[in-house]
S.K.: 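The following block contains the structure, expressed as structure tokens.
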There are 2 protein chains.
Amino acid sequence: MTAMKTRTGVKTSAPSPLFSLPVLERFESDPGSVQRSVVGILGGMGPEATADFYLKLVRATPAARDQEHLRVLIWSDPTIPDRTEALLTHGADPTPALIAGARLLKKAGAGMLAVPCNTAHAFLKDVQAEVDIPVIHMIQETAEYVQQLSPSVQKVGLLSTTGTQKAGLYQSWLNRKGVTVITPDSARQDLVMDSIHAIKAGRSAAAVRPLFTEAALDLIGAGAQAIIGGCTEVPVGLSGNDIPVPFIDPAEILAAAVVRRVLGAK
Amino acid sequence: MTAMKTRTGVKTSAPSPLFSLPVLERFESDPGSVQRSVVGILGGMGPEATADFYLKLVRATPAARDQEHLRVLIWSDPTIPDRTEALLTHGADPTPALIAGARLLKKAGAGMLAVPCNTAHAFLKDVQAEVDIPVIHMIQETAEYVQQLSPSVQKVGLLSTTGTQKAGLYQSWLNRKGVTVITPDSARQDLVMDSIHAIKAGRSAAAVRPLFTEAALDLIGAGAQAIIGGCTEVPVGLSGNDIPVPFIDPAEILAAAVVRRVLGAK
């Protein structure tokens with residue numbers, strides 16, 4: 001986690017021009033039209049990961065009081081069809097629900113979107129095509145982050161859903177940056193997927209920590225110089241304290257990217 | 001916390017009629033018009049408390065997989081003027097911003113509203129008058145919960161903002177149920193308020209725990225048979241493990257009340 005703190009810990013003291021507007025003027029206009037963008041979070045995949053992501057966004061925001069935090073609109077729709085099932089077993093396509101959610105957020109005033117679900121990123125191209133506000137891409141942001149790690153990393157281990165693994169989301173973004181992605185073998189991956197489902201079913205972090213840790217250590221033994229917690233449920237049950245290499249939490253990277261975009265720090 | 005678990009832990013296995021609808025049919029209609037209500041959360045006061053409340057709502061929901069969780073729309077607007085300042089020092093009135101937020105949530109499909117901020121409840125009557133969807137009242141729900149505690153409670157201690165304390169929110173709801181509310185003296189209350197601000201500024205729970213604990217023990221020494229964490233920031237830094245009497249978290253009670261309403265269990 002040491003390396004990550006450097007980036008997510010970036011603080012800016014730039015004052016928001018919004019704060020000087022009178023309250024009524026702000027609320028008479030569409031929330032999306034004011035200078036500081038409203039952040040739209042398309043979530044619910046799963047709901048606990050969405051709450052966790054929002055907390056990460058709050059903690060990534062430089063603020064000394066409530067009024068300095070970002071305005072955020074969250075559409076948390078856990079009924080969106082399962083992403084992994086859609087990718088692997090011809091389950092219902094989540095795309096229409098994702099597009100409907102993105103449109104709802106845009107219409108309600110969101111100026112950009114974040115989708116705190118790795119597997120959903122397999123469907124994001126179609127979502128981005130349907131809304132004219134930027135969708136901040138968690139996997140792209142993570143690949144850029146990995147590329148900037150120092151000392152440099154040539155091989156990362158990925159703990160994710162089987163859907164994210166098979167869709168090759170991290171592989172395609174990281175390979176073009178010269179980074180190899182290794183993943184658990186099929187038997188171990190089934191156990192990782194079971195643990196992700198266990199978190200979604202409300203099991204405690206402690207219950208899945210040993211399995212996630214063992215899967216990570218396996219990948220480290222096979223040469224991984226960092227581990228990506230590539231499903232929003234993984235960082236619920238695994239942290240940098242559990243393993244001897246950097247643990248990369250894409251949700252934390254997405255939160256920092258959103259803050260940079262809104263505050264114009266980058 | 002033992003007593004609370006009984007109520008918040010109520011599980012229902014009633015299947016949602018929503019799950020049998022095809023995805024497209026659901027999304028072609030207004031989200032608010034389907035049988036299972038969309039929960040609107042009017043939050044941001046503060047933002048961390050809103051994330052915490054959403055997590056409590058997720059954990060209060062009986063669900064074995066993502067798709068069984070509630071659909072939730074959160075408008076988190078931390079720029080809403082400070083509620084305590086409005087009540088005590090003629091600060092800007094938060095009512096217009098609260099009404100605008102409630103209308104936004106209603107328009108986007110919310111079928112009911114929850115406001116996870118105790119002090120904001122001083123302004124909720126005007127908000128409820130402006131939207132024709134129910135606003136679940138956290139303080140009313142908490143008063144009903146306290147009345148049902150066994151063994152029965154005649155005197156509770158309140159740790160809250162100075163705004164909530166001076167507005168008499170808990171006092172008026174609890175007195176009519178025959179329960180007396182006691183609060184810290186003015187010097188101690190200033191320290192409680194400072195700790196609430198410290199949490200809002202991102203200080204850790206550990207930093208404020210000793211002060212919250214001491215304030216609670218004071219009230220227990222003065223006869224309080226239970227402690228109400230009557231500001232959403234208080235349960236961030238104080239738990240039932242810190243004190244020898246039941247610790248009542250109104251956000252947890254509100255979460256359980258929302259789940260009961262949506263699932264029709266009560």
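Below, each value reflects all heavy atoms present in this structure, side chains not excepted, and no hydrogens, waters or symmetry copies. Proteins get letters first, then strands, A, B, ... in listed order; numbering begins at 1 in each.
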S.K.: When only pairs under 4.5 Å are counted, which of B/Ala201, B/Ala51, B/Ser76 shares the most heavy-atom pairs with chain A?
M.R.: B/Ser76
S.K.: Top residue by heavy-atom pair count (under 4.5 Å) with chain A, among B/Ile74, B/Leu70, B/Asp82, B/Leu57?
M.R.: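 When all of B/Ile74, B/Leu70, B/Asp82, B/Leu57 are compared, B/Ile74 has the most.
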S.K.: Quick one: closest heavy-atom pair of A/Val38 and B/Trp75, and the distance?
M.R.: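 Here A/Val38 and B/Trp75 meet closest at CG1-CZ3, 3.7 Å.
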S.K.: Check the pair A/Tyr54, B/Leu55 against side chain to side chain contact (heavy atoms under 4.5 Å, CB included), reporting the backbone distance first and the verdict last.
M.R.: CA-CA 10 Å; A/Tyr54 181 46; B/Leu55 196 59; over 6 Å; no
S.K.: Counting a contact as any heavy-atom pair under 4.5 Å apart, which residues of residues 42-50 of chain A contact chain B?
M.R.: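 Under the 4.5 Å heavy-atom cut-off, A/Gly44, A/Met45, A/Gly46, A/Pro47, A/Glu48, A/Thr50 qualify.
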S.K.: Minimum heavy-atom separation for B/Arg83 and A/Asp66, please, with both atom names.
M.R.: NH2-OD2, 3.1 Å
S.K.: Taking atom CG of A/Asp77 and atom CD of B/Gln67, what is their separation to the nearest 0.5 Å?
M.R.: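 Result: 9.0 Å between the selected atoms.
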